[in-house]
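As a basis for the values below, the full set of heavy atoms in this structure was taken, side chains included, without hydrogen atoms, waters or symmetry mates. Counting from 1, the numbers follow the sequence of the chain as shown.
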Amino acid sequence: MATIDTPAKTSALGSGHAPARAPRARRGRRGSRLWAKIVVALLLVVEIYPMVWMFLTSLKSNDDYLNNSTWSLPTTWEWGNYTEAWTTGNIGLYVQNSLLAVVPALALMLLLGTAAGFALQVMVWKGRNLTLLVFLAGMMVPPQMILLPLFTVYFQTGLSGTLWPLILTYTGTGLPLTVFMMATYYRSVPRELFEAATIDGAGILRAFWTISLPLVRNALLTVGLVQFFFIWNDLLIALTFTNNQDLRTIQVGLLNFTGDFGATQYGPLFAAICINVFGTLLIYLFLNQKVMKGLTSGALKG
């Protein structure tokens, strides 16, 4: 007698292959996760181990650093290296000078760059595309080419011997990138918001301060943090324009940990480097989430 396959028989036939595929798929997923964990672990070792080594080296004495292996642990834990770096090495003064130069330059850079980005993307006027290209051309000028002319200008205007050369130079060199990035972020802001504000009677200044700035605050934080690290880690400009020992920034101040006949004080030097590195690292870890939001907000066009 002929029979017809029922759903039960069909499911029974099909079930014989599914269990064979499922363990294989699970093994593939486990293998990919294992490789991903291995890669992440290697990246963590590459990133964390130098900082651990730097911290341990900052606790060594000078004899310990010179006579023992570079990778060995400190024989005596010299916590006084941090005190010597802060007092004798004047790291506290250099950090203060860096803040006095970086914070005003960063504020001017963000204010002017945000206003320029708003004008280039939101406002409609003739020649804005050409103006944006001019700002982009400023990114192609090497800083080494402008140091000598700027040094002459600062000397003739009497600004030498102050922190103003650093503030003005940092603002000018960082402005092209800031304008470009802020103009990119303003592209993702819906134009309907500004049209509605104009209908309600808001002027350009009110639309800029009360509408656009709150919308791009994550972008401001991202650009500000990127420019902060560029300025904070600068050595060339700070070394060129700080002709006074009391005006040196922290990067230039790290060159002072040299004794008689060029002997380097390695313990206080690495302690000063740790103060510099871990301080900026804490800033980044504290603002990490907002930076990620700022990076992704400019990738979407409203």
Side-chain angles (χ1 to χ4, degrees), residues 22-60 64-65 68-75 77-79 81-82 85 91 95 98-99 102 106 110 139 143 170 173-174 177-178 180-182 184-185 188 216-236 238 249-251 253-255 257 264 266-300:
R24 196 176 307 163
R26 283 196 292 268
R27 284 195 298 268
R29 287 195 296 268
R30 290 173 184 172
S32 61
R33 290 174 184 173
L34 179 61
W35 280 110
K37 291 179 181 179
I38 292 174
V39 172
V40 171
L42 289 175
L43 290 176
L44 287 176
V45 170
V46 171
E47 293 291 335
I48 295 177
Y49 180 75
M51 292 187 289
V52 174
W53 177 84
M54 181 175 59
F55 174 71
L56 293 176
T57 306
S58 69
L59 299 176
K60 291 182 178 181
D64 194 6
Y65 184 86
N68 296 331
S69 173
T70 307
W71 312 104
S72 62
L73 294 174
T75 55
W77 300 81
E78 299 288 343
W79 294 98
N81 289 336
Y82 285 88
I91 285 297
V95 171
S98 294
L99 291 175
V102 170
L106 197 60
L110 291 178
M139 299 171 58
Y170 288 151
T173 55
L177 180 60
T178 304
F180 172 71
M181 295 183 70
M182 293 308 303
T184 303
Y185 283 114
S188 63
V216 297
R217 61 178 180 272
N218 287 330
L220 271 174
L221 187 60
T222 302
V223 176
L225 194 61
V226 170
Q227 294 288 9
F228 171 80
F229 285 126
F230 282 157
I231 299 174
W232 185 269
N233 295 323
D234 168 70
L235 177 63
L236 178 63
T249 60
I250 187 170
Q251 306 300 334
L254 292 176
L255 302 176
F257 288 88
T264 303
Y266 290 100
L269 173 61
F270 278 96
I273 294 174
C274 286
I275 294 173
N276 182 26
V277 171
F278 290 117
T280 54
L281 181 62
L282 288 176
I283 295 175
Y284 175 77
L285 292 177
F286 180 72
L287 301 175
N288 181 36
Q289 295 299 324
K290 292 187 178 295
V291 171
M292 294 300 106
K293 291 180 181 179
L295 289 174
T296 55
S297 63
L300 302 175

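- At a cut-off of 3.5 Å, with distance as the only test, a side-chain donor of Ser58 or Tyr82 sits close to an acceptor on the other residue.
- Within the 4.5 Å cutoff, the side chain of Tyr185 has no heavy atoms near those of the Asn218 side chain.
- Residues Tyr170 and Trp232 keep their aromatic ring centres 6.0 Å or farther apart.
- Heavy-atom contacts from other residues, nucleotides or ligands closer than 6.0 Å to CZ of Phe180 number 12 or fewer.
- Note that CD1 of Ile275 is 9.5 Å distant from CG of Leu254, once rounded to the nearest 0.5 Å.
- Distance alone, capped at 3.5 Å, is enough to place a donor-acceptor pair between the Asn81 side chain and the Lys60 backbone.
- For the atom pair Met54 CE and Leu269 CG, the distance stands at 10.5 Å (nearest 0.5 Å).
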Quiz prompt | Steps toward side-chain contact (heavy atoms from CB on, under 4.5 Å) verdict (Trp53, Phe270) | solution = CA-CA 10 Å; Trp53 177 84; Phe270 278 96; 3.8 Å; yes
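- Looking at Ser98, its side chain never comes within 3.5 Å of a backbone N or O of Thr249 through a donor-acceptor pair.
- Relative ring orientation between Phe55 and Phe278 is described as perpendicular, the plane-to-plane angle rising above 60° on a 0-90° scale split at 30° and 60°.
- Met182 CE to Leu110 CG: the interatomic distance, rounded to the nearest 0.5 Å, is 8.0 Å.
- Put simply, the side chain of Gln227 never gets that close to the backbone of Leu106: no donor and acceptor are under 3.5 Å apart.
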Quiz prompt | Pair Thr57-Tyr266, side-chain contact (heavy atoms from CB on, under 4.5 Å): steps then yes or no | solution = CA-CA 8 Å; Thr57 306; Tyr266 290 100; 5.7 Å; no
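- Considering CG of Leu56 and OG of Ser72, their distance stands at 9.5 Å, rounded to 0.5 Å.
- The OG1 atom of Thr280 sits 5.5 Å away from atom CZ of Phe229, with the distance rounded to the nearest 0.5 Å.
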Practice problem: Given side-chain contact (heavy atoms from CB on, under 4.5 Å), test Leu34 with Ile38 step by step and report yes or no. | Solution: CA-CA 6 Å; Leu34 179 61; Ile38 292 174; 4.1 Å; yes
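- Across Ala238 and Asp234, no two heavy atoms sit closer than the pair N-OD2, 3.0 Å.
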Practice problem: Take Leu225 and Ile283 through the test side-chain contact (heavy atoms from CB on, under 4.5 Å) and record every step on the way to the result. | Solution: CA-CA 9 Å; Leu225 194 61; Ile283 295 175; 3.9 Å; yes
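- Atom CZ of Phe230 and atom OG1 of Thr178 lie 10.0 Å apart (nearest 0.5 Å).
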